[in-house]
Amino acid sequence: MVIKKAPDIASSAITPEHLYVGRRRFLKSVAAMAAVGAVDAGDTPTPVAAATTYNNFYEFGIDKSDPAGHAGSFKAHPWSVAVEGRCAKPGVYTLEDILKPHPREERIYRLRCVEGWSMVIPWNGFPLAALLKRFEPAGDAKYVEFTTVLRPQEMIGQRRRLPHVLDWPYVEGLRMDEAMHPLTLMATGMYGRDLPNQNGAPLRLVVPWKYGFKSIKSIVKIRFTDKQPATSWSREVPEYYAFFSNVNPGRTDSQYRDQSTERRIGEFFMRKTTLFNGYGDQVASLYAGMDLRKNF
Ligand SMILES: Nc1nc2c(c(=O)[nH]1)N[C@H]1C(S)=C(S)[C@@H](COP(=O)(O)O)O[C@H]1N2
Ligand SMILES: [Mo]
């Protein structure tokens, strides 16, 4: 009997092929995660069953189970996105036009809702910056405004007049430097598959250092502007939801809810919430010299 020394044994010889390929993919994604600095030891991805059944998507109702329950017949295909405002390449782009040049990456990001819960999700998508650059923003484009689809026939929450939730369509916005930041993701999938309708199919933002409501779902319009956009939640309740809405455990503006702790979906104990949701090393410089209490 010949006993091979460890270095002679290819890992493919001791690991069945499919697990071996899985392991290589895993190691690749670990490297990618390290590159964007988005991982710490406590970041176990939220079970997919929880991330797809505990949602905020008020166009489908206000309960956490409503989006999964009511988004089944929403038609995310065909889809197009109108690009407007201060840029050299405005127009209506099909989803295929939008996606084609962009390799689909995986990014494991924490996302924290202002309501006090958080998730860790392996998103698939590409940097928003790469997409925006294709439209050649003008020098005076200081902000980007995003709009969700208005489709009352498919979105039960847009049909109901009472209780009043928001004025539809849902609008969000970012300052240009935030939109161009390498962490800002245009997501098209999660857990290696296309986005489920309830998570914002076919195209949504993920802005991990900001409260979840900035991560607008099912985007149909991108507009470059020189003025700070009026966003849905800040119009509705300006005392609680401001334009920046960076995750901040030290918020004192909000009588709405204490922001110092959060519960990771699926966990029992509360965790401490961290400034910029833990992404401060990468994004704090965007806000140098700004009073984060005033500009909450
Ligand atoms: N169009 C639209 N986008 C939205 C929302 C919404 O109600 N409508 N809810 C936001 C909020 S409050 C959160 S916390 C996240 C939730 O994303 P998830 O359901 O994929 O976890 O989506 C955000 N994007
Ligand atoms: Mo949220």
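Worth saying up front: this structure is predicted, and the values here are computed from it rather than measured. Counting convention: from 1, in listed order, for ligands and their atoms alike.
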Does Tyr240 offer a backbone N or O that forms a donor-acceptor pair with the side chain of Arg251 under 3.5 Å?
-> yes
Compute whether any side-chain donor of one residue and acceptor of the other, for Asn55 and Lys64, lie under 3.5 angstrom apart.
-> no
Please state which protein non-hydrogen atom is closest to atom 8 (N) of ligand 1 and give its distance, to 0.1 Å?
-> Glu59 OE1, 2.8 Å
Have a look at ligand 1 and work out which part of Phe213, if any, has a heavy atom under 4.0 Å from it: side chain, backbone, both or neither.
-> both
Phe60 and Phe57 aromatic ring geometry - parallel, tilted or perpendicular at 30°/60° bounds | perpendicular
Relative to the heavy atoms of Ser215, which atoms of ligand 1 are at a distance of less than 4.0 Å?
-> 22 (O), 23 (C), 24 (N)
Using a strict 4.0 Å cut-off to heavy atoms of Asn56, name the atoms of ligand 1 that fall inside it.
-> 5 (C), 9 (N), 11 (C), 12 (S), 13 (C), 14 (S), 16 (C), 19 (O), 22 (O)
Classify the angle between the aromatic ring planes of Phe213 and Tyr241 as parallel (below 30°), tilted (30 to 60°) or perpendicular (above 60°).
-> perpendicular
Atom 19 (O) of ligand 1: which of Lys217, Glu115, Lys214 has the nearest heavy atom?
-> Lys217
Ligand 1 versus Arg204: contacting region, heavy-atom distance under 4.0 Å = side chain
Have a look at ligand 1 and work out which part of Thr148, if any, has a heavy atom under 4.0 Å from it: side chain, backbone, both or neither.
-> side chain
Side-chain donor-acceptor pair under 3.5 Å between Arg104 and Thr188, yes or no?
-> yes
